[in-house]
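Shown next, in structure tokens, is the structure this report addresses.
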Amino acid sequence: MLLIKTGGPAMAEEWRGYFAEFRPSMRTASFDAPEATPEEAEYALCWEPPPGWLASLPRLRAIFSIGAGVDHITLDPTWPRHLPLVRMGGEETGQRMGEYVAWACLSLLRNARHFALNQAVARWEYEPGEFTARDRTVGIMGLGTLGVACVPMLRGLGFPVRGWTRSPKRVEGVETFAGPAGLDEFLAGTQILVCLLPATPETNGIVDARLLAQLPRGAAVVNAARGAHVVLSDLIAVLDSGHLAGAVLDAFEPEPLAADSPVWSHPKVTITPHVASIARRRERARFVTDAIADFEAGKPLPNLYDPVRGY
Ligand code: NAP
Ligand code: GLV
């Protein structure tokens with residue numbers, strides 16, 4: 001049996017419909033439904049599982065995260081660490097993140113926020129933009145599954161791309177930097193900084209005043225990862241100082257961003273409500289079904305969380 005903990009009963013039913021389509025023999029239930037018998041659960045698919053819930057499933061064999069990030073699971077100190085934890089994958093997750101990051105970089109390049117503000121007040125102001133994509137290097141912090149998926153789209157638009165990772169990494173067409181020793185040089189040559197890191201103790205609050213000051217004047221920031229990566233008050237101060245030109249932010253801490261937050265109306269900030277890469281549920285159900293089939297055939301699970309690295 002697969003137990004599903006997601007955004008409410010209607011969503012759980014939608015997920016169940018897809019699993020019934022892809023693997024009719026697999027029993028599924030919403031985690032809080034009467035037919036959800038904890039002792040029969042072999043798999044759990046979840047977003048923000050209630051603390052202690054995963055540990056209460058005695059026959060659990062694997063945990064699937066509804067998203068690519070698993071911080072919403074690992075922050076429960078009781079989560080069963082001996083079990084495989086699968087991060088959401090599949091072609092669509094990468095495609096959507098690539099689209100979002102390409103859109104955000106083009107928006108910053110062409111000053112879309114400025115035109116949106118002008119349109120709201122019917123102001124015709126000629127501003128053709130100073131740069132082309134070829135003049136603005138995109139620096140991606142985190143060249144994992146999603147960071148790498150962004151590369152061909154950005155390069156296809158003409159942006160030179162560089163990347164920063166924890167361990168040294170080679171990615172075709174990308175100038176790479178690694179670890180704390182490589183960070184300063186990476187930042188110095190980055191005009192659009194894209195955060196695609198996982199949320200870990202090392203990356204919490206990494207985009208702070210000190211880091212932002214190392215970007216060249218006129219640079220911009222895209223955060224498509226987690227709100228905890230960015231010290232929002234530092235970012236706003238650096239935008240207001242004139243050092244940074246703009247930001248596109250998809251993730252906040254906490255979410256939703258408070259209705260009275262001044263960030264909503266900041267003239268240099270574009271906000272999206274954590275939608276950078278949310279693959280369709282049917283595609284995610286297909287990924288989970290295929291992974292379970294492989295697992296039961298003795299093949300390795302894809303996209304596994306590594307408890308040693310912490311992501
Ligand atoms: P991933 O495959 O685990 O890749 C993580 C990358 O970050 C790797 O390149 C890793 O370096 C690097 N990294 C980790 N810790 C680091 C550190 N301390 N210093 C430097 N680099 C570090 O993750 P992913 O699948 O690409 O996803 C990234 C994140 O995107 C997720 O964790 C999630 O938070 C976020 N996300 C957001 C949305 C949204 O809609 N907003 C959707 C999906 C995912 P190595 O290559 O050396 O391991
Ligand atoms: C969304 O934020 C995800 O982690 O997939």
Side-chain angles (χ1 to χ4, degrees), residues 6-7 45-49 63-75 85-101 103-104 139-151 161-171 174 176-187 190 193-208 211 221-230 248-257 270-281 283-284 287-288 302-311:
T6 176
L45 170 67
C46 51
W47 182 263
E48 295 181 348
I63 304 164
F64 292 85
S65 167
I66 276 178
V70 293
D71 43 308
H72 60 102
I73 293 172
T74 57
L75 60 75
L85 170 55
V86 181
R87 308 174 319 106
M88 185 53 65
E91 193 268 334
E92 190 171 316
T93 304
Q95 172 71 19
R96 283 182 181 253
M97 187 56 88
E99 291 169 0
Y100 181 90
V101 169
W103 164 80
I140 307 177
M141 300 175 85
L143 277 179
T145 314
L146 299 181
V148 164
C150 297
V151 170
V161 181
R162 51 175 49 198
W164 181 67
T165 49
R166 199 176 68 116
S167 51
K169 192 161 185 174
R170 274 200 191 171
V171 179
V174 181
T176 51
F177 303 82
L183 184 58
D184 293 3
E185 196 186 344
F186 163 78
L187 293 169
T190 291
L193 181 73
V194 175
C195 180
L196 275 175
L197 292 166
T200 67
E202 291 77 46
T203 63
N204 244 346
I206 189 167
V207 182
D208 61 4
L211 179 145
V221 170
V222 178
N223 184 18
R226 289 288 182 265
H229 289 129
V230 176
V248 175
L249 305 176
D250 184 58
F252 297 87
E253 184 64 47
E255 291 181 354
L257 178 65
T270 297
I271 291 175
T272 53
H274 204 135
V275 293
S277 175
I278 312 294
R280 284 168 291 187
R281 290 188 193 104
E283 292 312 306
R284 286 183 280 168
F287 171 82
V288 173
N303 253 10
L304 279 177
Y305 166 84
D306 177 344
V308 176
R309 293 183 318 181
Y311 59 93

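Whatever order the structure lists them in is the order used to number ligands and atoms, beginning at 1.
- The option from Ser65, Ser167, Gly69 that lies nearest to atom 31 (C) of ligand 1, judged by heavy atoms, is Gly69.
- Close approach of ligand 1 to Ala276 is summarised as follows: ligand atoms under 4.0 Å from at least one heavy atom of the residue are 39 (C), 40 (O), 41 (N).
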Would you tabulate the polar-atom pairs, meaning N/O of ligand 2 against N/O of the protein, with distances under 3.5 Å, reported to 0.1 Å?
unit_1   : atom_1 : unit_2 : atom_2 : d
ligand 2 : 2 (O)  : Arg226 : NH1    : 2.8
ligand 2 : 2 (O)  : His274 : NE2    : 2.5
ligand 2 : 4 (O)  : Ala68  : N      : 3.2
ligand 2 : 4 (O)  : Gly69  : N      : 2.8
ligand 2 : 4 (O)  : Arg226 : NH2    : 2.7
ligand 2 : 5 (O)  : Ala68  : N      : 2.6

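- At least one heavy atom of Met97 sits less than 4.0 Å from an atom of ligand 1.
- For ligand 1, one of its N or O atoms has an N or O atom of Thr145 under 3.5 Å away.
- Considering only non-hydrogen atoms, atom 15 (N) of ligand 1 lies nearest to Tyr311 out of Tyr311, Phe177, Tyr305.
- Between Thr200 and ligand 1, no pair of N/O atoms sits closer than 3.5 Å.
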Going through the distances and angles, do Phe287 and Thr93 end up as a side-chain contact (heavy atoms from CB on, under 4.5 Å)? CA-CA 10 Å; Phe287 171 82; Thr93 304; over 6 Å; no

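- Neither the backbone nor the side chain of Met141 comes within 4.0 Å of ligand 1, counting heavy atoms alone.
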Report the C-alpha separation of Ser65 and Tyr305 in whole Å, then their side-chain angles, then the decisive distance to 0.1 Å, and conclude whether the side chain to side chain donor-acceptor pair (under 3.5 Å) test is met. CA-CA 10 Å; Ser65 167; Tyr305 166 84; over 6 Å; no

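- Heavy atoms from other residues, nucleotides or ligands lying under 6.0 Å from CD of Glu185 number 12 at most.
- In this structure, the separation between OG1 on Thr145 and CG on Asn303 is 5.0 Å, given to the nearest 0.5 Å.
- Residue Glu202 has no nitrogen or oxygen atom sitting less than 3.5 Å from a nitrogen or oxygen atom of ligand 1, judged on distance alone.
- Closest to atom 40 (O) of ligand 1, if we only count protein heavy atoms, is Ser277 N, 3.0 Å.
- Of all the atoms in ligand 1, the ones that sit under 4.0 Å from a non-hydrogen atom of Lys169 are 46 (O).
- For atom 16 (C) of ligand 1, the closest non-hydrogen atom on the protein side is Arg166 CB, 3.8 Å.
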Using the side-chain contact (heavy atoms from CB on, under 4.5 Å) rule, take Val207 and Asn223 through it: C-alpha gap first, then chi angles, then the decisive distance, then the call. CA-CA 9 Å; Val207 182; Asn223 184 18; over 6 Å; no

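- Checking only distances, Asp250 does come within under 3.5 Å of ligand 1, N or O to N or O.
- Using a 4.0 Å cutoff on heavy atoms, Arg309 counts as a contact of ligand 1.
- Looking at ligand 1, you won't find any N or O of Ala199 less than 3.5 Å from one of its N or O atoms.
- Of the protein's non-hydrogen atoms, the one nearest atom 19 (N) of ligand 1 is Trp164 CH2, 3.3 Å.
- Remark: ligand 1 and Ala224 share an N or O pair separated by less than 3.5 Å (distance only, no angle test).
- Ranking protein heavy atoms by distance to atom 28 (C) of ligand 1, first place goes to Leu196 O, 3.3 Å.
- Taking distance alone, with nitrogen or oxygen atoms compared against 3.5 Å, Gly144 approaches ligand 1 more closely than that limit.
- Between Thr203 and ligand 1, a contact under 3.5 Å exists for no N or O pair.
- Numbered from 1 in the order shown, with element, the atoms of ligand 1 that lie under 4.0 Å from a heavy atom of His274 read 39 (C), 40 (O), 41 (N).
- Among all non-hydrogen protein atoms, the one lying nearest atom 35 (C) of ligand 1 is Ala225 CA, 3.8 Å.
- The single protein non-hydrogen atom nearest to atom 44 (C) of ligand 1 is Leu146 CD1, 3.3 Å, given as residue, atom name and distance.
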Using side-chain contact (heavy atoms from CB on, under 4.5 Å), reason through Arg280 and Arg96 one step at a time and then give a plain yes or no. CA-CA 10 Å; Arg280 284 168 291 187; Arg96 283 182 181 253; 3.6 Å; yes

Between Thr203 and Tyr311, is the side-chain contact (heavy atoms from CB on, under 4.5 Å) condition met? List the steps. CA-CA 11 Å; Thr203 63; Tyr311 59 93; over 6 Å; no

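- Taking CH2 from Trp164 and OG1 from Thr176, the interatomic distance works out to 13.0 Å, rounded to the nearest 0.5 Å.
- The protein heavy-atom contact nearest to atom 32 (O) of ligand 1 is Pro198 CA, 3.3 Å.
- Atoms of ligand 1 lying under 4.0 Å from any heavy atom of Gly142, numbered from 1 in the order shown and given with element: 6 (C), 7 (O), 9 (O), 12 (C).
- The atoms of ligand 1 that sit less than 4.0 Å from any heavy atom of Ala68 are 43 (C), 44 (C).
- Closest protein heavy atom to atom 9 (O) of ligand 1: Leu143 N, 3.0 Å.
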